[in-house]
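Computed from a predicted model, the values in this text were never measured in an experiment.
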Amino acid sequence: ATDKVKKGDKVTVSCAEGDTGFIYKGELKFEKNVQDLGELPEVGLKIMMNVGNPETAFAFGQLPNEGIGLARLEFVINNAIGVHPKALLN
């Protein structure tokens with residue numbers, strides 16, 4: 001990115017598309033919505049989640065829940081060693 005973006009260029013950096021960030025030329029308009037989750041009512045059941053990405057488990061942990069499990073072990077291994085386990089077999 002530093003080869004393409006020159007000092008003083010206006011850019012927008014976005015990570016809203018997922019795990020990969022993108023850089024857009026110019027300043028893109030956006031709308032920021034803030035939700036206060038502090039006053040959610042009890043729902044009468046236990047909400048538990050399975051997530052595949054270890055990095056998002058912490059973010060989901062901030063929501064009211066009774067537990068979070070990591071459902072995809074290969075993502076956990078990939079996150080720890082930097083390569084998908086199947087790649088090690090080849």
Side-chain angles (χ1 to χ4, degrees):
T2 56
D3 294 337
K4 304 271 183 188
V5 179
K6 304 299 180 213
K7 186 175 183 174
D9 286 351
K10 302 283 185 180
V11 297
T12 299
V13 180
S14 173
C15 59
E17 291 86 358
D19 290 341
T20 303
F22 292 91
I23 300 173
Y24 298 98
K25 186 176 185 176
E27 294 178 299
L28 298 180
K29 293 182 180 180
F30 68 94
E31 182 178 323
K32 180 180 177 181
N33 293 318
V34 178
Q35 301 295 321
D36 180 12
L37 301 178
E39 299 297 323
L40 293 177
E42 293 290 328
V43 292
L45 57 101
K46 291 182 179 181
I47 298 175
M48 302 182 83
M49 296 179 265
N50 281 326
V51 295
N53 185 334
E55 295 172 4
T56 58
F58 182 77
F60 285 130
Q62 306 309 304
L63 299 172
N65 69 79
E66 295 296 321
I68 297 178
L70 292 171
R72 308 268 319 258
L73 184 57
E74 68 270 23
F75 286 168
V76 176
I77 294 170
N78 181 32
N79 193 45
I81 64 174
V83 65
H84 192 282
K86 192 169 183 177
L88 297 175
L89 298 174
N90 297 328

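Applying the side-chain hydrogen bond (donor to acceptor under 3.5 Å, both in side chains) test to pairs two or more places apart or on separate chains, those with a residue in residues 20-30 are Glu17-Tyr24.
A pairwise comparison of heavy atoms in Phe60 and Val51 identifies CD1-CG1, 3.3 Å as the closest pair. Shown here for Asn65 and Leu63, the closest heavy-atom pair between the two residues is ND2-O, 2.7 Å.
Hydrophobic clustering keeps Leu28 apart from Ile23 (ILVMFWY residues linked when any side-chain heavy atoms are closer than 4.5 Å, directly or through intermediates).
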